[in-house]
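Read the structure below first, then the notes.
We name chains A, B, ... by the order of the sequence lines, and we start the count at 1 in each one.
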Amino acid sequence: MCLEMLFGVSLIFQPTLSQAQSVPSNHSPTFDEVLAAPDDPEINTAYAKAQIAAGNFIFAAAAYERLLLGQPDDDVTRVAYAEVLLNLDDPVTAGQELAKLGTVTLTAEQQAQVAILQGRVATKTAGASK
Amino acid sequence: MTRFPTLSVIVMLLAAQLAPPASLAQAGGAAIGVNGAIKNVVQMKTAKDRALRPAVLREAVHIGDTVASGPNSALQVLLRDQSVFTIGANARMTIDRFVYDPARGSGAIAASVARGAFRFMSGRAAHNGGVAIQTPVASIGVRGTIVEVLVGEEAITLMNGESTLRGQAVGADANTATLILLRGPGPNRVGKDRVGAIDITANGRTTSVDRAGVVVIKGPNADASQTFPLTQAIEQRLDANLTTAPTPQGQRAVVAEIATSLNAALTGDPDEIAAALSRIVIDYQGSPAALQAALARVANALPLNSASFATLMQLSFLVMTSTNAQSVGTLGREIASDRGRQLVAALTTGPRPTLQDAVAALAVNRAASATSLSAAATSGLRDTLATQIIPSSQREPTNASPS
């Protein structure tokens with residue numbers, strides 16, 4: 001008798017809850033929803049985007065940081081996090097996050113996005129040193 | 001007699017009898033926030049606890065709660081006003097005060113940090129300057145900001161590694177030396193966030209910092225230093241204590257391999273389990289920290305039920321405590337034995353442990369594991385185990401269900 005039969009559960013890995021429950025693209029989660037599910041990628045990504053649109057970049061940065069603690073291989077979130085840091089005029093940390101992506105294989109679109117952000121980092125850094 | 005080192009951890013987990021994570025609503029009005037993210041080993045002590053115990057994701061946080069982190073670990077506490085404390089490696093912090101009036105968007109926060117690294121990102125309560133962070137030698141008043149602090153020996157290590165700060169390490173106190181880093185937001189930020197600014201009070205004197213930079217307080221009765229420029233090298237060193245890095249591309253395949261191995265192990269096929277254990281040991285021979293991180297990531301990505309969690313625990317400890325190839329093979333088979341099933345069944349009757357429990361349990365055996373794996377490396381385990389892996393072409397079909 002295998003473990004699957006013993007416990008009556010599927011032992012084949014299933015999609016995570018967050019993967020299974022998609023947040024509608026037009027839904028802006030409330031902060032209470034974030035508090036209830038601070039580790040949910042869908043909710044927190046949607047929340048971060050809403051905060052960016054509202055001009056609250058620190059709140060967006062906090063959401064992305066939270067997601068990256070749980071899923072450090074989420075390259076899309078890391079790029080978004082770097083962009084938010086740039087908007088917070090923090091080119092040093094933004095550059096740090098972009099540099100971390102040097103060890104992974106990005107899509108052509110991501111590579112182009114990273115190149116643009118690295119250009120912004122260089123510009124800001126040069127401006128700050130003058 | 002066959003060894004079964006996983007018994008100790010299973011007993012430990014059963015004894016822990018950890019309650020399921022309490023939601024903020026369940027915790028009542030006194031809750032001031034939640035554990036928003038946990039990386040590796042983080043412990044927490046609330047008013048209900050007699051000692052530190054593993055922190056739980058989504059668990060409510062209250063005034064007076066203390067959190068403590070281990071090496072390569074981090075916790076993000078998300079407060080009701082959207083302030084965020086990120087506690088990095090080897091840190092200990094207590095939230096002493098939290099008052100927040102959502103209607104007015106004002107409030108007050110006070111926290112004390114005894115050691116280690118942490119980051120504070122201000123929320124709505126900080127808009128009126130109501131945030132104070134206490135370290136052993138300084139008080140930091142926050143006026144809307146992202147600030148990072150390093151207290152103790154690691155602050156000295158960082159200073160010694162940076163030419164611009166090395167002089168500050170001379171005479172610095174190993175227990176209380178404090179490095180304060182204002183990151184931003186900078187004056188050229190976009191959006192509504194206030195420009196970062198902090199007031200540092202040390203030795204009775206207050207220093208204001210309103211541009212990105214680094215300030216050092218060497219210890220008790222020491223003044224705050226001048227503000228040094230924030231460089232990429234300094235941020236990189238502090239960053240290592242507070243954030244994560246992606247798995248390099250080459251290692252991502254190994255992590256996926258572990259997931260596949262665990263999946264195969266869960267079929268209950270003894271040979272598959274033995275092969276899975278062998279592959280994990282070979283992939284991570286001599287590097288228990290990497291193994292721990294990989295297992296944590298795998299577990300994070302998986303919807304573990306009690307049975308699969310128990311198997312993961314067993315796999316982890318088998319790998320980290322086995323010292324020879326024979327024990328790996330034997331114990332791998334034992335997981336699927338009746339005795340193994342009984343232990344797993346016993347585990348499923350109690351509260352479901354969390355990933356954090358698993359990682360914390362792994363950390364308990366950190367030293368022993370390092371020793372064991374080191375010994376294994378010198379005894380040629382890798383070569384021995386390599387002969388035990390069953391090529392996929394020779395394996396019997398498993399009884400795994402199609403997805």
If every non-hydrogen atom of [X] is compared with every non-hydrogen atom of [Y], which pair is closest and at what distance?
X	Y	result
A:Phe31	B:Arg80	CE2-O, 3.3 Å
B:Lys192	A:Ala54	CE-O, 2.9 Å
B:Ala245	A:Pro72	O-CB, 3.6 Å
B:Leu78	A:Val34	CD2-CG1, 3.8 Å

Calculate, to the nearest 0.5 Å, the distance between atoms [atom1] and [atom2] belonging to [X] and [Y] respectively.
X	Y	atom1	atom2	value
A:Thr93	B:Leu181	OG1	CG	7.5 Å
A:Lys100	B:Asp239	NZ	CG	4.0 Å
B:Leu230	A:Asp90	CG	CG	7.0 Å
A:Ile58	B:Arg189	CD1	CZ	10.0 Å
A:Asp89	B:Arg211	CG	CZ	8.0 Å
A:Asp39	B:Gln76	CG	CD	11.0 Å

Identify which part of [X] has an atom lying under 4.5 Å from any heavy atom of chain A, answering side chain, backbone, both or neither.
X	answer
B:Asp193	both
B:Ile234	neither
B:Ser83	neither

Partner chain A: residue of [options] with the largest heavy-atom pair count (under 4.5 Å):
options	answer
B:Pro187, B:Pro229, B:Gly196, B:Ala212	B:Pro187
B:Leu75, B:Val190, B:Leu238, B:Thr145	B:Val190
B:Glu235, B:Arg183, B:Arg119	B:Arg183

Please classify the contact between [X] and chain B as side chain, backbone, both or neither, with a heavy-atom cut-off of under 4.5 Å.
X	result
A:Ala99	neither
A:Ala36	backbone
A:Arg66	both
A:Leu85	side chain

Quiz item: Out of A:Gln71, A:Glu97, A:Arg78, which one pairs with B:Pro246 under the side chain to side chain contact (heavy atoms under 4.5 Å, CB included) rule?
Solution: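 That would be A:Arg78; it is the only one of A:Gln71, A:Glu97, A:Arg78 passing the side chain to side chain contact (heavy atoms under 4.5 Å, CB included) with B:Pro246.
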Practice problem: Determine whether B:Val84 and A:Glu65 make a side-chain contact, defined as any pair of heavy atoms from C-beta on separated by less than 4.5 Å. | Solution: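 In contact.
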